[in-house]
*Asks:* 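Mind having a look at this structure? Questions to follow.
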Amino acid sequence: MARIAFIGLGNMGLPMAKNLVAAGHHVTGFDLVTSAVEALAAAGGNAAGSANETLPDAEVVITMLPEGRHVRDVYGSSIITGAPAGALLIDCSTIDVDSARAVEANAREAGFEMVDAPVSGGTGGAEAGTLTFMVGGDDSAFARAKPYLDAMGKNIVHTGGPGNGQAAKICNNMILGISMVAVCESFSMAEKLGLDAQKLFNVTSTSSSQCWAMTSYLPVPGPVPASPANRDYQAGFTAAMMAKDMNLAQDAAKSTGHDAQLGAHALEMYEKFCEDGNGPLDFSGIYRMIHGN
Ligand code: NAD
């Protein structure tokens, strides 16, 4: 079993780190939020007082941080200089492709193997150990990373060279952001037409409009008991994170000369929802804005 440094124990990172502990690994974790570090220790991991403290004997270093700037910071200030020679570096955060490729190039120059391995499946998937990992990196780094990713997920897809995990993630989340808006618009219209949400769900969940935003994350309470709509849109996956990912998708579209118009429009809607003070809510809470309540 490996000694693993885990940096970033938020909504996703903490349950992922706990699954590594449950698989028998020695996990030393750090987060800026002390209660998250304490929660890992209570689950059998080790608490560190800084990112640097997680590193001295790490064989694997995993990061699960909010944005590209956090990943560049932690790699620049701690990991590249503090990780032992030969450690495998795995970044599971969702960040822009350019940052992912730049960080990997720095790591490679310093002699490390690294993969970008963003995830899909939400906090439920993180807790259940059923995440999908989209992994960018060369064959040897992927082969080394796979056993650790297997302990946190059930679908590990090698999507190509460095940065291609992030490319797959951004394409996936642009579909999710758009499809959530579509589900909100239809279920809102249904209510205004006097059509019961459960009855519509019975049709759509088994018909051609079926999608994850509907069957796992329905933005109205009732038919999908585990969806955030049943707990006042407590995140989950925050609207601020969705706006971030839709922005990353637009940046990627522009950098390749691609015109993703529905993505651009959905991004405007999430940004408006966040500007109105709803950034910390689950992204499915955009139903309230669309429905007008
Ligand atoms: P989060 O905000 O809950 O967790 C991020 C954690 O990183 C926080 O606890 C924060 O304190 C910590 N952090 C920030 N800077 C740090 C530093 N310098 N050192 C140590 N810790 C630091 O976010 P999350 O929901 O866990 O998401 C993490 C990443 O996973 C994001 O990139 C997000 O887009 C992606 N993601 C999230 C979900 C989801 O459903 N929440 C799903 C898929 C992917």
Side-chain angles (χ1 to χ4, degrees), residues 5-19 28-40 47-55 61-80 82 90-97 99-100 103 116-135 149 152-153 155 165-166 168-177 180 212-213 216-217 226-228 231 233-249 270 274 279-285:
F6 205 115
I7 302 168
L9 300 167
N11 289 327
M12 297 293 288
L14 180 60
M16 290 164 68
K18 283 183 178 175
N19 281 330
T28 302
F30 173 68
D31 194 288
L32 299 175
V33 177
T34 313
S35 58
V37 183
E38 288 166 357
L40 176 66
S50 68
N52 281 318
E53 264 185 37
T54 65
L55 297 171
V61 181
I62 301 179
T63 41
M64 190 49 162
L65 297 162
E67 297 178 25
R69 62 194 165 97
H70 305 102
V71 174
R72 286 194 305 273
D73 272 6
V74 171
Y75 267 78
S77 62
S78 300
I79 297 174
I80 299 286
I90 303 176
D91 178 39
C92 296
S93 327
T94 301
I95 66 172
D96 59 289
V97 176
S99 289
V103 170
D116 51 293
V119 306
S120 174
T123 50
E127 278 154 26
T130 56
L131 293 169
T132 292
F133 284 87
M134 295 147 260
V135 190
L149 304 180
M152 301 182 284
N155 192 17
Q166 298 296 350
K169 173 69 185 171
I170 286 166
C171 291
N172 179 76
N173 273 27
M174 188 167 82
I175 296 173
L176 173 62
M180 178 57 80
W212 189 90
S216 293
Y217 235 66
S227 82
R231 47 175 204 265
Y233 301 102
Q234 185 196 324
F237 183 54
T238 63
M241 290 277 188
M242 178 52 87
K244 177 200 79 166
D245 288 359
M246 297 296 280
N247 251 313
L248 292 179
Y270 287 108
C274 292
L281 281 189
D282 192 81
F283 78 107
S284 60

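Both ligands and their constituent atoms are indexed starting at 1 by order of listing.
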*Asks:* Report the C-alpha separation of I95 and H70 in whole Å, then their side-chain angles, then the decisive distance to 0.1 Å, and conclude whether the side chain to side chain contact (heavy atoms under 4.5 Å, CB included) test is met.
*Replies:* CA-CA 9 Å; I95 66 172; H70 305 102; over 6 Å; no
*Asks:* Tell me whether ligand 1 is touched by A51 - counting only heavy atoms on the residue side and a distance under 4.0 Å.
*Replies:* no
*Asks:* Is A36 in contact with ligand 1, taking contact as a heavy-atom separation below 4.0 Å?
*Replies:*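 Not so, A36 does not reach ligand 1.
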*Asks:* About how many Å separate OG1 of T63 and OH of Y75, when rounded to the nearest 0.5 Å?
*Replies:* 4.0 Å
*Asks:* Would you please say whether a donor-acceptor pair under 3.5 Å links the side chains of S284 and D282?
*Replies:*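 A pair is found: one side chain offers a donor N or O, the other an acceptor, under 3.5 Å apart.
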*Asks:* So, is D31 polar-close to ligand 1, with some N/O to N/O distance under 3.5 Å?
*Replies:*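 Among all N and O atoms of D31, at least one is under 3.5 Å from an N or O of ligand 1.
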*Asks:* Tell me the contacting part of V74 for ligand 1: side chain, backbone, both, or neither, using a 4.0 Å heavy-atom threshold, strictly below.
*Replies:* side chain
*Asks:* Would you say M12 and ligand 1 have an N/O pair spaced under 3.5 Å apart?
*Replies:* yes
*Asks:* How close do F30 and A48 get, counting heavy atoms only, and between which atoms?
*Replies:*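 So the two residues come closest at CD1-O, 3.4 Å.
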*Asks:* Pull out every atom of ligand 1 sitting under 4.0 Å from any heavy atom of V119, numbered as shown with elements.
*Replies:*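 Counting from 1, the qualifying ligand atoms are 43 (C), 44 (C).
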*Asks:* Quick one: does G122 get within less than 4.0 Å of ligand 1, heavy atoms only?
*Replies:*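 Yes, that is the case, since the closest heavy atom of the residue is under 4.0 Å from the ligand.
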*Asks:* Walk me through whether D31 and L40 qualify under side chain to side chain contact (heavy atoms under 4.5 Å, CB included).
*Replies:* CA-CA 10 Å; D31 194 288; L40 176 66; over 6 Å; no
*Asks:* What about S93: any of its N or O atoms under 3.5 Å from an N or O on ligand 1?
*Replies:* no
*Asks:* Please determine whether any non-hydrogen atom of E67 lies less than 4.0 Å from an atom of ligand 1.
*Replies:*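 Flag not set, E67 not near ligand 1.
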*Asks:* At less than 4.0 angstrom from any non-hydrogen atom of I7, what atoms of ligand 1 do you find?
*Replies:*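 In order of number, 20 (C).
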*Asks:* Using a 4.5 Å cut-off on heavy atoms from C-beta on, say whether the side chain of S93 contacts that of M12.
*Replies:*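 No, every pair of side-chain atoms sits at 4.5 Å or beyond.
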*Asks:* At less than 4.0 angstrom from any non-hydrogen atom of K244, what atoms of ligand 1 do you find?
*Replies:* 31 (C), 32 (O), 33 (C), 34 (O)
*Asks:* Against ligand 1, does L65 come closer than 4.0 Å with any heavy atom?
*Replies:*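 Yes, L65 has a heavy atom closer than 4.0 Å to ligand 1.
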*Asks:* Answer yes or no: does an N/O atom from H70 fall short of 3.5 Å to an N/O atom of ligand 1?
*Replies:* no
*Asks:* Are any of the N/O atoms on P66, whether in the backbone or the side chain, positioned under 3.5 angstrom from an N/O atom of ligand 1?
*Replies:*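 Yes, since at least one N or O of P66 sits under 3.5 Å from an N or O of ligand 1.
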*Asks:* Calculate, to the nearest 0.5 Å, the distance between atoms NZ and CG belonging to K244 and L248 respectively.
*Replies:*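 Rounded to the nearest 0.5 Å, the NZ-CG separation comes to 6.0 Å.
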*Asks:* Can you find an N/O atom of K169 closer than 3.5 Å to an N/O atom of ligand 1?
*Replies:*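 Between K169 and ligand 1, no N or O pair is found under 3.5 Å apart.
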*Asks:* Determine whether N173 and F237 satisfy the following criterion, side chain to side chain contact (heavy atoms under 4.5 Å, CB included), listing intermediate values before the conclusion.
*Replies:* CA-CA 11 Å; N173 273 27; F237 183 54; 3.9 Å; yes
*Asks:* Out of all atoms in ligand 1, which are within 4.0 Å of some heavy atom of V33? Include the element for each.
*Replies:* 11 (O)
